Amino acid sequence: MMMWWFITTLAITAFFYNSPVYAYDNNPLQDICVAVRDSHSSVFVNGKICKDPKLATPNDFYFSGLNVSGNAAPKSGVAVKLVDVNSMPGLNTLGISVSRLDFEPLSLFPLHAHPRASALITILEGSIYVGLFVPDPANFFKSRLFSKILNPGDVFVFPKGLIHFLYNIGNKKATSLIYYNSQNPGVISIPNSIFASKPPVPDDVLAKGFQLNKIQIAQLRKKFS
């Protein structure tokens with residue numbers, strides 16, 4: 001009886017400590033695992049290779065410049081500055097990162113998703129309309145839109161992998177900080193992924209999928225390439 005109780009307790013403990021509810025990125029098994037900047041390494045791991053802890057420096061855990069905006073993406077009006085494991089190697093195995101987004105008036109961060117992280121946004125300046133698409137379990141071809149106008153001090157969360165967008169509805173610039181539960185959250189731009197893929201998706205597939213003709217598909221390819 002005692003043995004069964006021990007096994008049951010061990011199984012429950014293992015479940016919670018390995019559950020996505022507990023953490024997303026793998027839990028560290030040591031105090032620090034500063035990422036090695038080695039683009040020529042022939043070893044591939046899920047994350048980054050650790051440097052010898054004795055060689056770690058304070059700069060491995062430091063980033064400066066989040067108080068100013070980054071470079072705006074072409075034609076978007078949205079500037080992004082990301083602090084992830086690539087810019088702060090001390091984040092390796094910690095399961096966190098942050099970005100700053102600056103929006104020109106009426107600019108849009110288009111439909112996208114983060115494949116490896118949920119994202120928590122807080123508004124610092126301006127008014128941003130956000131939208132989140134949640135699949136409808138009763139109808140495969142539909143989704144529910146959860147949307148909200150956010151103002152300074154407001155917080156909104158985008159669950160991992162779900163498509164969402166951010167739109168500055170104001171006539172002045174807007175600024176936000178977004179926190180991710182991954183050291184490398186990634187981003188998939190939905191329009192660009194579909195219409196600017198390499199090699200390209202066949203026209204027939206896109207035409208039937210979006211119920212458009214091939215001329216319209218060509219126009220979309222040109223816009224998003």
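The structure displayed is predicted, hence computed values, not measured ones.
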A.B. asks: Do P53 and D31 have side-chain heavy atoms sitting under 4.5 Å apart?
C.D. replies: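 In short, these two side chains do not touch, never coming nearer than 4.5 Å.
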A.B. asks: Can you see which heavy atom on P191 is nearest to which on L111, and at what distance?
C.D. replies: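 Here P191 and L111 meet closest at CD-O, 3.5 Å.
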A.B. asks: Strictly distance-based, threshold 3.5 Å: is any side-chain N or O of R100 a donor or acceptor partner for the main-chain N or O of N67?
C.D. replies: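 Side chain of R100 to backbone of N67: a pair is present.
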A.B. asks: Identify the two heavy atoms, one from H112 and one from P110, that lie closest to each other, and give their separation to 0.1 Å.
C.D. replies: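 Where H112 meets P110 most closely, the heavy atoms are ND1-O, 2.7 Å.
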A.B. asks: F146, V155: one ILVMFWY side-chain cluster at the under-4.5 Å cut-off?
C.D. replies: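 Per the 4.5 Å side-chain linkage, F146 and V155 are not co-clustered.
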A.B. asks: Are S99 and Y180 close enough that a side-chain donor and a side-chain acceptor fall under 3.5 Å?
C.D. replies: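 Note: S99 and Y180 side chains meet the donor-acceptor criterion.
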A.B. asks: Indicate the atoms forming the closest heavy-atom contact of G70 with K81, along with that distance.
C.D. replies: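 What the structure gives for the nearest pair is CA-CE, 4.0 Å.
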A.B. asks: Nearest 0.5 Å, what's the OG-NZ distance between S127 and K172?
C.D. replies: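 It comes to 7.0 Å.
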A.B. asks: Hey, mind stepping through F61 and I32 against side-chain contact (heavy atoms from CB on, under 4.5 Å) and telling me if it holds?
C.D. replies: CA-CA 10 Å; F61 304 90; I32 60 174; 3.7 Å; yes
A.B. asks: Around D52, counting heavy atoms of other residues, nucleotides and ligands shown, do more than 12 lie under 6.0 Å from its CG?
C.D. replies: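 Counting neighbours around CG of D52, more than 12 heavy atoms of other residues, nucleotides or ligands fall under 6.0 Å, so yes.
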A.B. asks: Is there a side-chain contact between D204 and K214 in this structure, where contact means two heavy atoms from C-beta onward sitting under 4.5 Å apart?
C.D. replies: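 Yes, close enough: below the 4.5 Å cut-off.
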A.B. asks: How long is the gap from CE on M88 to CG on N59, to the nearest 0.5 Å?
C.D. replies: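 It is 10.5 Å, given to the nearest 0.5 Å.
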A.B. asks: Identify whether L145 and I163 are in the same connected component of the hydrophobic contact network (ILVMFWY, side-chain heavy atoms under 4.5 Å).
C.D. replies: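 Shared cluster, yes.
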A.B. asks: Determine yes or no for a side-chain-to-main-chain donor-acceptor pair under 3.5 angstrom, with Q183 supplying the side chain and T93 the backbone.
C.D. replies: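 Indeed, once roles are kept as given, a pair shorter than 3.5 Å links the two residues.
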A.B. asks: Taking all atoms of both residues into account, what is the closest heavy-atom pair of N92 and K48, and its distance?
C.D. replies: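 Result for this residue pair: ND2-O, 3.1 Å.
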A.B. asks: Could you check if a side-chain atom of R221 sits within less than 4.5 angstrom of a side-chain atom of D203, using non-hydrogen atoms only?
C.D. replies: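 R221 reaches D203 side chain to side chain.
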A.B. asks: Is the number of heavy atoms from other residues, nucleotides or ligands within 6.0 Å of CD1 (I215) greater than 12?
C.D. replies: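 Open.
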A.B. asks: Given F195 and I217, is the side-chain contact (heavy atoms from CB on, under 4.5 Å) satisfied, shown in steps?
C.D. replies: CA-CA 8 Å; F195 294 103; I217 294 299; 4.1 Å; yes
A.B. asks: What is the ring orientation for H114 with H164, classed by angle as parallel under 30°, tilted 30 to 60°, or perpendicular over 60°?
C.D. replies: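 H114 and H164: tilted rings.
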A.B. asks: Within this structure, what is the CZ-CG distance for the pair F156 and L132, rounded to the nearest 0.5 Å?
C.D. replies: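 Spacing of CZ (F156) from CG (L132) equals 5.5 Å.
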A.B. asks: Can you tell me how far the CD1 atom of I123 sits from the CD1 atom of I149, to the nearest 0.5 Å?
C.D. replies: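 Rounded to the nearest 0.5 Å, the CD1-CD1 separation comes to 11.5 Å.
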A.B. asks: Does F63 share a hydrophobic cluster with L91, counting links as ILVMFWY side-chain heavy atoms below 4.5 Å and allowing steps through other members?
C.D. replies: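 Same hydrophobic cluster.
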A.B. asks: Side-chain contact test, heavy atoms from C-beta onward, threshold under 4.5 Å: evaluate it for V34 versus L55 and give yes or no.
C.D. replies: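 Result no, sub-4.5 Å side-chain heavy-atom pair not found.
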A.B. asks: State plainly whether the residues K51 and D60 are in salt-bridge range, i.e. N to O under 4.0 Å.
C.D. replies: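 So K51 pairs with D60 through a salt bridge.
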A.B. asks: Mind checking the CD1-CG spacing from I178 to L82? Nearest 0.5 Å is all I need.
C.D. replies: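 Nearest 0.5 Å value for the CD1-CG distance: 10.0 Å.
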A.B. asks: Over all heavy atoms of both residues, which pair between S118 and N181 is shortest? Give the atoms and the distance, please.
C.D. replies: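 The pair with the smallest heavy-atom distance is N-OD1, 2.8 Å.
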A.B. asks: Rounded to the nearest 0.5 Å, what separation is found between the CD1 atom of I194 and the OG atom of S189?
C.D. replies: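 Reported value, rounded in 0.5 Å steps: 9.0 Å.
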A.B. asks: Report the C-alpha separation of L166 and V78 in whole Å, then their side-chain angles, then the decisive distance to 0.1 Å, and conclude whether the side-chain contact (heavy atoms from CB on, under 4.5 Å) test is met.
C.D. replies: CA-CA 10 Å; L166 306 95; V78 181; over 6 Å; no
A.B. asks: Is any side-chain heavy atom of L108 closer than 4.5 Å to a side-chain heavy atom of F103?
C.D. replies: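 Of all side-chain heavy-atom pairs linking F103 with L108, none is under 4.5 Å.
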A.B. asks: So, applying ring pair (Phe, Tyr, Trp, His ring centres under 6.0 Å) with F165, which one of Y129, F109, F158 is it?
C.D. replies: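 Filter result, single survivor: Y129.
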A.B. asks: For S182 versus A117, what's the shortest heavy-atom pair and its separation?
C.D. replies: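 Distance-wise, the nearest heavy atoms are CB-CB, 3.6 Å.
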A.B. asks: Is V80 reachable from V98 through a run of I, L, V, M, F, W or Y residues, each pair having side-chain heavy atoms under 4.5 Å apart?
C.D. replies: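 Hydrophobic grouping puts V98 apart from V80.
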A.B. asks: Is Y179 linked to I96 within one hydrophobic cluster, defined over Ile, Leu, Val, Met, Phe, Trp and Tyr using a side-chain heavy-atom separation of less than 4.5 Å?
C.D. replies: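 Yes: a chain of side-chain contacts under 4.5 Å links Y179 to I96.
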A.B. asks: If we ignore angles and hydrogens, is there a donor and acceptor under 3.5 Å between the side chains of N168 and K173?
C.D. replies: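 The answer is no; no qualifying pair exists.
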A.B. asks: CG of N71: more than 12 outside heavy atoms within 6.0 angstrom?
C.D. replies: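 Counting neighbours around CG of N71, 12 or fewer heavy atoms of other residues, nucleotides or ligands fall under 6.0 Å, so no.
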